[in-house]
Amino acid sequence: MRRKLIAGNWKMNGTAASASDLAAIIAGVGADGAEVLICPPFTLIDRFVQQAKGSPVMIGGQDCHPNPSGAHTGCVAAAMLMDLGASHVIVGHSERRTDQRETDADVRAKAEAAHAAGMVAIICVGESEAERDAGQTLAIVERQLAGSLPAGATAANTVIAYEPVWAIGTGRTPTVADVRAVHAHLRARLGASMGAEGQDVRILYGGSVKATNAAELLAVEDVDGALVGGASLTAAQFLPIVAAAA
Ligand code: PGA
């Protein structure tokens, strides 16, 4: 039985004043139901880990460098996130694949670094609008998964997030049938590369998840949670999504 995971990706949002938003989220999350993870910017991880202590809310990073240390100005290693008490790290988000030109090989190296540090890697895949229009969705996510999944991936250290690029921050979502088809395909590919273990890997859906569509999306077979951007920034928008997963 795969327990649902609702992960909030705050992207480049949040300052010290956001402690009140995290406090409201913590106040609304119970020990039962879905696992809840908040990934704030690096600058807030230490503060948020302290604030979330004793609560079921976990704190994660949005990226990490593939190397454990070294001359990489401005970068943060997975071991540094682990050192602060972060448990998860998102790798290969489409915004990084686009803005920082990260390749599947880069993403795999980052996931390996996360595993080496003892963290859970949330590996993102998803097609662009042009790729969807060209009928390439399944081929694209299959290629990204094959290229980004490390050899040492297990159900305990790896989560997959399917995020169609055209659905991120746009208010548009695929149909339930399309989400089901992609998740089923990813499940089959996980089985092909990981064997029985692939059955236990959680596959999140991400892209314009909101209180109004969460229940429908989370009810889809093989949708094991959500990666939520904009709607994760406030308790008012995020908690109904967490509740929809229970
Ligand atoms: P969104 O972002 O929920 O704002 O569409 C999702 C994501 O990029 O993880």
Side-chain angles (χ1 to χ4, degrees), residues 4-14 18 21-22 25 34-42 44-45 48 57-64 81 86-102 107 110-111 114 120-129 131-132 137 140-141 144-145 148 158-176 178-179 182-183 186 202-218 220 223-245:
K4 284 201 169 31
L5 169 64
I6 305 297
N9 173 11
W10 278 26
K11 309 191 179 183
M12 198 171 70
N13 296 288
S18 311
D21 294 308
L22 182 67
I25 288 171
E35 283 184 8
V36 176
L37 170 73
I38 296 291
C39 299
F42 290 138
L44 289 175
I45 289 177
F48 276 20
V57 174
M58 303 176 291
I59 304 299
Q62 299 172 13
D63 178 51
C64 65
L81 300 174
S87 52
H88 296 61
V89 59
I90 299 168
V91 294
H93 189 281
S94 67
E95 285 153 16
R96 294 201 60 89
R97 288 179 184 263
T98 303
D99 297 353
Q100 275 76 32
R101 296 192 177 80
E102 291 185 4
V107 176
K110 289 173 179 224
V120 179
I122 301 178
I123 301 173
C124 302
V125 299
E127 82 287 0
S128 68
E129 183 148 40
E131 289 162 344
R132 169 160 291 257
T137 298
I140 292 292
V141 299
Q144 290 176 330
L145 183 72
S148 310
T158 302
V159 172
I160 306 300
Y162 168 54
E163 297 204 303
V165 178
W166 53 273
I168 295 175
T170 60
R172 299 161 58 203
T173 53
T175 63
V176 160
D178 286 342
V179 172
V182 175
H183 281 240
L186 289 170
R202 287 177 290 185
I203 308 175
L204 313 184
Y205 168 79
S208 295
V209 176
K210 296 181 178 49
T212 47
N213 61 20
E216 182 182 49
L217 289 163
L218 290 165
V220 176
V223 173
D224 305 309
L227 182 54
V228 185
S232 70
L233 292 169
T234 63
Q237 294 185 70
F238 189 60
L239 291 175
I241 298 171
V242 174

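In each ligand, atom 1 is the first atom listed, and ligand 1 is the first ligand listed. Here the structure is a predicted model, which is why all the values come from computation and not from measurement.
There is no side-chain donor-acceptor pair under 3.5 Å between S18 and D21.
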Going through the distances and angles, do F238 and T234 end up as a side chain to side chain contact (heavy atoms under 4.5 Å, CB included)?
CA-CA 6 Å; F238 189 60; T234 63; 5.9 Å; no

Could you give me the CA-CA distance, side-chain angles and deciding distance for S128 and E131, then say whether side-chain hydrogen bond (donor to acceptor under 3.5 Å, both in side chains) is met?
CA-CA 5 Å; S128 68; E131 289 162 344; 3.3 Å; yes

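The option from S232, G229, G126 that lies nearest to atom 3 (O) of ligand 1, judged by heavy atoms, is G229. With K210, E95, K11 as candidates, the residue nearest to atom 2 (O) of ligand 1 on a non-hydrogen basis is K11.
Remark: distances from the non-hydrogen atoms of S208 to ligand 1 include one below 4.0 Å. Within the structure, ligand 1 lacks G206 among the residues with a heavy atom less than 4.0 angstrom away.
Closest protein heavy atom to atom 4 (O) of ligand 1: G230 N, 2.9 Å. For atom 7 (C) of ligand 1, the closest non-hydrogen atom of the protein is E163 OE2, 3.1 Å.
Listed by number with element, the atoms of ligand 1 under 4.0 angstrom from any heavy atom of N9 are 9 (O). Taking every heavy atom of H93 and a limit of under 4.0 angstrom, the matching atoms of ligand 1 come to 7 (C), 8 (O), 9 (O). Which parts of ligand 1 touch G207 is read off a 4.0 Å heavy-atom cut-off, strictly below it: atoms 5 (O).
Contact of the Q62 side chain with the E95 side chain is not registered, since no non-hydrogen atoms from C-beta on lie closer than 4.5 Å.
The only member of Q144, H93, R96, R97 that meets side chain to side chain contact (heavy atoms under 4.5 Å, CB included) when paired with V107 is R97.
Ion pairing of E127 with R132 is present here, as a side-chain N (NZ or NE/NH1/NH2) and a carboxylate O approach within less than 4.0 Å.
Taking the six-membered ring where the residue is Trp, W10 and F48 present perpendicular rings, their angle passing 60° and hence far from 30°.
Every N/O-N/O distance between T170 and ligand 1 stays at or above 3.5 Å.
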